[in-house]
Amino acid sequence: MSRYNPAGMEPRWQSKWDEEGVFCAAPDPDKPKYYVLEMFPYPSGRIHIGHVRNYTMGDVIARHKLATGHNVLHPMGWDAFGLPAENAAMALGKHPADWTRDNIAAMRAQMRPLGLSIDWVREFATCDPEYYGQQQALFLDFLAAGLAERRPAMVNWDPVERTVLANEQVIDGKGWRSGAVVERRELTQWFFKISDMAEELLTSLDGLAHWPAKVKLMQANWIGKSRGLQCTWPLVTPVCGHDGVEVYTTRPDTLMGASFVALSPYHPLIKALEGGNAALAEGGAEMRQSFERGDDREKAILAQMFQGGTSAAAVDAGEKIGYDTGLRVRHPLDPDWELPVWVANFVMMDYGTGAIFGCPAHDQRDLEFARKYGLPVRDTFMALKDPAPVTDRAFVPPKTDRVKWIDHFTGLREATGEEAIDAAIRFIEGKGCGRGVTRYRLRDWGISRQRYWGCPIPVVHCPACGVVPERKENLPIELPRDVDLSAPGNPLDRHPTWRNVRCPACGGEALRETDTMDTFVDSSWYFARFTAPGAKTPTDAATVARWMNVDQYIGGVEHAILHLLYARFFARALHRCGHLPETAVEPFDALFTQGMVTHAIYRSWDRIPDHSRPKSEEAVIIVPRYHYPEEVVLHQQGDKVVALLRSEMKEDKFDPENAKDRDDWLRAYERREIEIIPSAKMSKSKKNVVDPVAIIDRYGADTVRWFVLSDSPPERDVEWTAAGAEAAFRHLSRVWALSERIAGMDPSAPGAGDEGVLRALHRTIRDVTADIARFGFNSAIARLYAFTGILAKSTAGHAVQRQAMMGLAQLMAPMVPHLAEGIWERHGSEGLVVTAPWPRAEARYLAEDTVTLPIQINGRRKSDIVVAKDLARDKVEQLVLADAAVARALQGGTPKKLILVPNRIVNVVL
RNA sequence: GCCCAGGUGGCGGAAUUGGUAGACGCGCUAGCUUCAGGUGCUAGUGCCCGUACGGGCGUGGAGGUUCGAGUCCUCUCCUGGGCACCA
């Protein structure tokens, strides 16, 4: 009788799997293929418990598919380019390449003990020249296909990272990694023309049946399709070569409510005008600054704080500023109607035409602007019920609401906004002074980064030929090893020789492009590369056709827009360039977005002397101090749990592991407990992190795997608790002990209740199989707990208990593969669990010949009866009326009604 | 502000098409075992009344549909997420 010993068992089975090559994804034409992929990690150097959850989920799917006879591809790699390596280089004096390689080695070493069913032969890192060289080849193909281009553009400049960011990488006006407020700059940059595919990327979302609706919705919102009218408002007096102002609107039906035209401070006409108008130039510059630095927003927040309120509404209001340019335009529907042209800080150059017409009655921003500067407010429609002119709130009903129109130019009287918009576009197109236009919020993907540690963009700048693509035979364009990372800016710009090349076209002296690609490019096609990681072309036609699509993709919901949208674009671009079959333009058949692992935060408050104040005063500052979970011991005190610092207890010679000591210590130092802040996202600064390596060392990989799948549904966050991890370990120990007990049974001893155990086993097989298929891992585990309980109490004979134990091991195998192999071996089974065919639930054990029929009285359950399945209605009624609880309720009377749902339920209505 | 997802015991959470609410785990209570304690085992555990038999209430709140509602409908409150001067 041996004890459960994961430390001894787990490495042994891992070697065994390696020796047998069970995870090697050699194409097997006799089996259906199945490609499982988890989003690959950034090699930060340490695995995170969130990684463990992510990869364990993928592993359950992969192992289950392996057992159901699939040819499984389950690879792993590293998203290895990116800024942290450069930062580390500066901080540690270590080359980014070395830092990255070391981190990869460290993380691989931390991941391998998890026993994941990964084909490690396919492993690669995006910083391998073999990988990024192929990416450069793709870039050249995209360029040739018109999918990439170089052009000047206003870009988001992150002053901390000293590079530009894509729109998707700017969150709340701040860089997604640095958190710095981004500035706007005009730079010549490389773009992928993702906006050309906006419509396709939007409509194809409908076909993604196995994607979460939430992710599809987020993408649809991001693409942001709108239909509207674009029309010219002629200038009364042409100026600076402009005859009129192009305006885009989604509400052409409200054209008669116009009160002014407003231009973005970046509008070309404003820039042209500023030359001759000092006041305008000053005002325009001020407004642009407010865009760039968010100045007025910050000021507003500050003002609010000093006045004691920080309501989001007040801050969000954002003061509207404008200058009257003095120009006037004619209304497109009425040449006699002249309107003023303003420049306004709330008009964006990036959307529409950078010019709007203000309709204060039906737009809150325009109303605020009009009220501030005394511009007219004209109602164009009113509510059917209680029509009233607009005063301090713009009237903006949903476009599907019917409203009453005031003297509408299309002749409408009562109509919805939608109908009015359609009518207005038709009307204006008929008059020839405007056209219906569909627009998208999605803009092109700027991929240029002024950084070292990324994939070089393979083009050359030639004084004679201009921008020339590199020749494919010269790829990969490798990053130079000898770079100076100590100074700010792009080290490739400063490199003495790397830039100097011959022009691929004319052979003259030329300069290499020094921008590198956004790291999201690296992760936009790795899934395709995994199908043939050694190919001399980006993909290999036959193998990519065999393995694509990814059948199940798993990752965090934080990539719902960025990564997944780029990957969808890339798949289409790859297809156009002949690297992916058409069937793979949507590369991920099914997507699962898993929740985070969270943990409570332990915080105390330290009083430290405040040296900035004169000594005479009571000068202390109270600062928060956070504690790692392992520094804290939890103690049950009455009905509440308190956290105590182990180190403090030890200093006072108390044993933190001893409950009585904890009690004594608490009594002696009553107020030294630590605040417990409920579950939050793990964060290093709050120290609420758990180290998977430490947990694996303590309990084994199977316990960690079991735990991260337990309790919470996988799409939701799971709270890591020490008690939960203990419970997982105890359970696995009990399963092992049960297996030992059964192994030690007398094989010939008779037993009782064989049938019941087998029924329970087959029900469990049926239910666990269904649960795994629908990602209900927490439910599957609950059922395995329940079945373990039944087996543990069973008095069945040895043969049946052994069979049940083996079935249990198989069902547990995707979650706790090492333990399952151990049990399998202990009971003398052939081969490995991992390659054994998945058990089948047999119909004869699932069929029931009796049913327990709950009896409700007036809809509330009062009793139940056991009857033969499909028993005749009148027989059931007799039994129901004879039931003690029913008789008591009837008190000799007859029920008003008796509802009988066969084999399901009975309801007696009094 | 707009859009989306959720609110179920002390806690994490179960609950096919409307059909026994609270599976399973944690915690707690009692007992047993070992014992200095933890561990292990057995039983109990939604709330209220009742010694018990039993009864009443109960899935954020208020209404509604139904023989029957966690599930469907209307309104409302709260929490989390996404987007946001997008014209």
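Since we're looking at a predicted model, the values are computed, not measured. Residue numbers begin at 1 in each chain, while the letters A, B, ... track the order of the sequences.
Aromatic ring pairs are classed by plane angle as parallel below 30°, tilted from 30° to 60° and perpendicular above 60°; the pair A/F369 and A/F346 is perpendicular. Using cut-offs of 30° and 60° on the angle between ring planes, the pair A/Y248 and A/Y351 is perpendicular.
The residue A/D711 sits close to a base: some heavy atom pair falls under 4.0 Å. Across all strands shown, A/S712 has heavy atoms under 4.0 Å from sugar-phosphate atoms exclusively, and none from any base. Among the atoms of the strands shown, only primed sugar atoms or phosphate atoms (P, OP1, OP2) are found under 4.0 Å from some heavy atom of A/R774. At a threshold of 4.0 angstrom between heavy atoms, the contacts of A/V909 are confined to the sugar-phosphate backbone, with no base atom among them. Among the protein residues, A/K225 comes within range of no part of the nucleic acid, since none of its heavy atoms lies under 4.0 Å from any strand. When heavy atoms are screened at a 4.0 angstrom cut-off, A/N858 is found touching no nucleic acid atom at all. A/D363 comes within contact range of no nucleotide atom at all, as no heavy-atom separation falls under 4.0 Å.
Taking only side-chain nitrogens and oxygens, A/N778 comes nearer than 4.0 Å to OP1 or OP2 of B/A14. Between A/R730 and B/G40 there is a side-chain polar atom (N or O) within less than 4.0 angstrom of OP1 or OP2. Contact between the side-chain N/O atoms of A/Y351 and the OP1/OP2 oxygens of B/A87 is found at a separation under 4.0 Å. At least one side-chain nitrogen or oxygen of A/K862 sits closer than 4.0 Å to the OP1 or OP2 atom of B/G56. Applying the 4.0 Å criterion to OP1 and OP2 of B/C67, one finds that A/K897 has a side-chain N or O inside that range.
Picking from B/A21, B/G27, B/A14 the nucleotide with the shortest atom distance to the side chain of A/Q856 gives B/A21. Checking B/C85, B/G27, B/A23 against the side-chain heavy atoms of A/F346 singles out B/C85 as nearest. Among B/A84, B/C24, B/G13, the nucleotide with an atom closest to any side-chain atom of A/W222 is B/A84. Considering only the side chain of A/I561, B/G82 comes nearest among B/A84, B/G19, B/G82. Comparing atom distances between the A/R441 side chain and each of B/C85, B/C83, B/G82 picks out B/C83 as nearest.
A donor-acceptor contact under 3.5 Å links the side chain of A/R904 to the base of B/U17. Side-chain to base pairing of A/R860 with B/G58: one donor and one acceptor N or O lie within less than 3.5 Å of each other.
Using Watson-Crick or G-U wobble geometry with both donor-acceptor distances under 3.5 Å, B/A30 finds its partner in B/U42. The partner of B/U17, taking Watson-Crick or G-U wobble pairs whose two distances both stay under 3.5 Å, does not exist in any strand shown. Look at B/C2: its Watson-Crick or wobble partner, with both distances under 3.5 angstrom, is B/G82. When both pairing distances are held under 3.5 Å, B/G68 makes no Watson-Crick or G-U pair with any nucleotide shown.
Across the C1' atoms, B/G18 and B/U65 are found 11 Å apart, a figure rounded to whole Å. With both ends at atom P, the span from B/G68 to B/A21 equals 14 Å, rounded to whole Å.
A/Y4 and A/E740 are not linked by any side-chain donor-acceptor pair at a separation below 3.5 angstrom, with hydrogens and angles left out of the test.
The aromatic ring centroids of A/F787 and A/Y785 lie 6.0 Å or more from each other. Here A/Y699 and A/F707 keep their ring centres 6.0 angstrom or further from each other.
In this structure, A/E418 does not pair ionically with A/R227, as no charged nitrogen and carboxylate oxygen lie closer than 4.0 Å.
Annotated as syn: B/G9, whose O4'-C1'-N torsion sits within 90° of 0.
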